[in-house]
Amino acid sequence: MPRRQFLLDEDQIPTRWYNIVADMKEPPPPPLNPATKEPIGPEALAPIFPMEIIKQEVSPERFIDIPEEVRDIYKIWRPTPLYRATRLEKALDTPAKIYYKYEGTNPSGSHKPNTAIAQAYYNKKEGTRRISTETGAGQWGSALSMACKIFGMECTVYMVRVSFDQKPYRKILMQTFGAEVFASPSNHTEYGRKVLAEDPDCPGSLGIAISEAIEDAATHDDVKYSLGSVLNHVCLHQTVIGEEVRQQMEMAGEFPDIVIGCCGGGSNFAGFAFPFMRDKLTGAKPDLRFIGAEPASCPSITEGRYEYDFGDTAGMTPLMKMKTLGHDFVPPSIHAGGLRYHGMSPIISALYEQGFMEAQSATQKEIFDAGVEFAHNEGILPAPESNHAIAVARREAIKCKEAGQSKVICFNLSGHGMLDLSAYDAYNSGSMG
Ligand SMILES: *Cc1c(COP(=O)(O)O)cnc(C)c1O
């Protein structure tokens, strides 16, 4: 029987994050000031982010040391396991070898604490009293609530109203970690009041919640804002995932042929894939393939335009050059709440435009079929977001079967679905749209 588990010891948690920008011949174009269309300087971001985060956002350094205190907190749940999906391979009757990294082994159930801990650390060091943020389904809000509690800071979360009403469990998790949670649009910000005046029943969106959280930080001195995806420093912090996987694949005696991750704002894909993409950018592994998996109903990479756009709905953020469906795009209410974002990480967008990666979209029906089949065979109930990566891995494994090829397919299982049971309930009862 082939080995299934590839586990690292806590002293093998990486000591450095990898900054892919250092190896890109054409780094992503800089963010612009919407008023002047000139590149924005670090001082423009200072009211909402701590200085060390701003430095990381624009850093040209290839590796950035993970502070010892952050590494120590990572030990609460890291290193995370890499598994070979032997049972799924058998069920698919494929000669492909399928490996998955499991990031669902912490209380918030996803990869998001990897950056939440780091961001909370830098905020604490620079004297922040409270952090404001947005959350969709609640994974990011719960990760940041946990991080703020660990560092003794307050946390305010603007949660998209549909999720606030329909998905109470992560709200309870956030409140248990001491956060203050508002349904967004809320009457706690000027922007929220404006939206509510126009549409009292507005279901909210990630873009609206971001606008509210930024306004909160910008209008209070000792309050900073924190974003759970998209930005360069978030992708940077997530590379702790891929740096672990490199060691684990070495234990397995393999190197991937195909690397897959689901993409909302792009951070778990980036964190998993960039440490391997280094080998493609330097020319060491020219045939290595990378695939971003996204919902057919919010297809920013496969169908978005590559242009400067706002990160939020109100237009408060700098303009970022990215694959985007437009900042006023309101995605349909699919169950993969974490993938309902109109834009994409500027680094991922540039790598896609430069031909270093591919993308595929999948329907809600296909991804739940694939996720349930995965659960039957591998015994983990995946997050609906992660089901997109599983569906694409499945497609590639079936292609291997048809071609009689034994490729090595690796994907990131970004989180578990134990707080998304209402989505599985809809799937089981046949009422999923
Ligand atoms: C938030 C989330 C995502 C999407 O965010 P990215 O920044 O694209 O990684 C994917 N999977 C899970 C489980 C999430 O919580």
Side-chain angles (χ1 to χ4, degrees), residues 80 100-116 119 133-146 157 159-160 163 167 169-170 173-174 206 209-210 226-242 260-274 290-295 298-301 304 311 322-323 331 334-349 352 357 359 361-362 367 371 374 380-392 411-420 423:
T80 59
Y100 63 94
K101 176 75 161 167
Y102 184 41
E103 284 292 310
T105 61
N106 61 74
S108 83
S110 77
H111 61 287
K112 292 196 171 77
N114 297 331
T115 185
Q119 293 191 48
T133 197
E134 72 291 333
T135 199
Q139 289 103 325
W140 170 240
S142 35
L144 191 68
S145 308
M146 177 174 84
V157 182
M159 183 175 192
V160 175
S163 303
K167 304 201 166 161
Y169 291 110
R170 283 205 187 85
L173 186 57
M174 289 182 257
L206 221 40
I210 294 175
S226 171
L227 187 65
S229 186
V230 184
L231 299 180
N232 300 355
H233 66 271
V234 181
C235 294
L236 173 79
H237 299 154
Q238 293 295 351
T239 59
V240 65
I241 304 173
I260 300 166
C262 66
C263 289
S267 72
N268 90 88
F269 174 88
F272 181 64
F274 287 178
F290 296 88
I291 311 175
E294 61 181 9
C298 191
S300 46
I301 314 181
M322 61 181 176
K323 297 288 286 186
I334 53 167
H335 290 282
L339 306 187
R340 290 179 70 239
Y341 184 65
H342 66 272
M344 183 52 55
S345 139
I347 299 180
I348 291 181
S349 300
Y352 179 80
M357 61 175 280
S361 67
I367 64 112
F374 178 88
I380 295 173
L381 191 76
E385 292 84 0
S386 315
N387 284 346
H388 292 76
I390 297 172
V392 169
F411 71 87
N412 195 31
L413 190 68
S414 52
H416 70 64
M418 295 307 290
L419 293 177
D420 300 278

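Note that ligands are numbered from 1 as they come in the structure, with each ligand's atoms numbered from 1 the same way.
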> In terms of atom number and element, which parts of ligand 1 are under 4.0 angstrom from non-hydrogen atoms of C262?
Replying inline: 10 (C), 11 (N)

>> So for ligand 1, is G228 a polar contact partner (N or O within less than 3.5 Å, distance only)?
In response: no

> If you count the atoms of ligand 1 from 1 in the order shown, which ones are under 4.0 Å from a heavy atom of A383?
Replying inline: 13 (C)

> Taking atom types as modelled, is there a side-chain donor on Q119 or S226 under 3.5 Å from an acceptor on the other?
Replying inline: yes

>> Checking the side chain of T80 only, and the main-chain atoms of E103 only, is there a donor and an acceptor separated by less than 3.5 Å?
In response: no

>> Could you report the tightest heavy-atom contact between C298 and Y341, atom names first, then the distance?
In response: SG-O, 3.2 Å

>> Nearest 0.5 angstrom please: I367 CD1 to L339 CG, how far?
In response: 8.0 Å

>> List ligand 1 atoms under 4.0 Å from C263, heavy atoms only on the residue side.
In response: 8 (O)

> In the protein, what heavy atom is nearest to atom 8 (O) of ligand 1, and what distance, to one decimal place, separates them?
Replying inline: G264 N, 2.6 Å

> To which protein heavy atom is atom 7 (O) of ligand 1 closest, and what is the distance rounded to 0.1 Å?
Replying inline: S229 OG, 2.4 Å

> Which is it for L339 and ligand 1 at heavy atoms under 4.0 Å: side chain, backbone, both or neither?
Replying inline: side chain

>> With a heavy-atom distance limit of 4.0 Å, tell me whether Q238 approaches ligand 1 through its side chain, its backbone, both, or neither.
In response: neither

> So Y100 and F411, would you call those rings parallel, tilted or perpendicular, with 30° and 60° as cut-offs?
Replying inline: parallel

>> Counting only heavy atoms closer than 4.0 Å, does ligand 1 sit against the backbone of S414, its side chain, both, or neither?
In response: both

> Considering only heavy atoms of S110, which atoms of ligand 1 have at least one such atom less than 4.0 Å away?
Replying inline: 13 (C), 15 (O)

>> I need the minimum non-hydrogen distance between G228 and V234, along with the two atoms involved.
In response: O-CG1, 3.4 Å

> Looking at K323 and I301, what are the two nearest heavy atoms and their distance?
Replying inline: CE-O, 2.9 Å

>> So if I count the atoms of ligand 1 from 1 in the order they appear, which ones are less than 4.0 Å from some heavy atom of G415?
In response: 13 (C)

> Which heavy-atom pair separates S108 from P113 by the least distance, and what is that distance?
Replying inline: OG-CG, 3.4 Å

> Quick one: which of R340, E385, Q139, K112 has a heavy atom closest to atom 1 (C) of ligand 1?
Replying inline: K112

>> Main chain of H111, side chain of Q238: is a donor-acceptor contact present, judged purely on distance under 3.5 Å?
In response: yes

> Considering A137, G338, G109, which one's heavy-atom position lies nearest to atom 5 (O) of ligand 1?
Replying inline: G338

> For ligand 1, does S267 get within less than 4.0 Å through its side chain, its backbone, both, or neither, judged by non-hydrogen atoms?
Replying inline: both

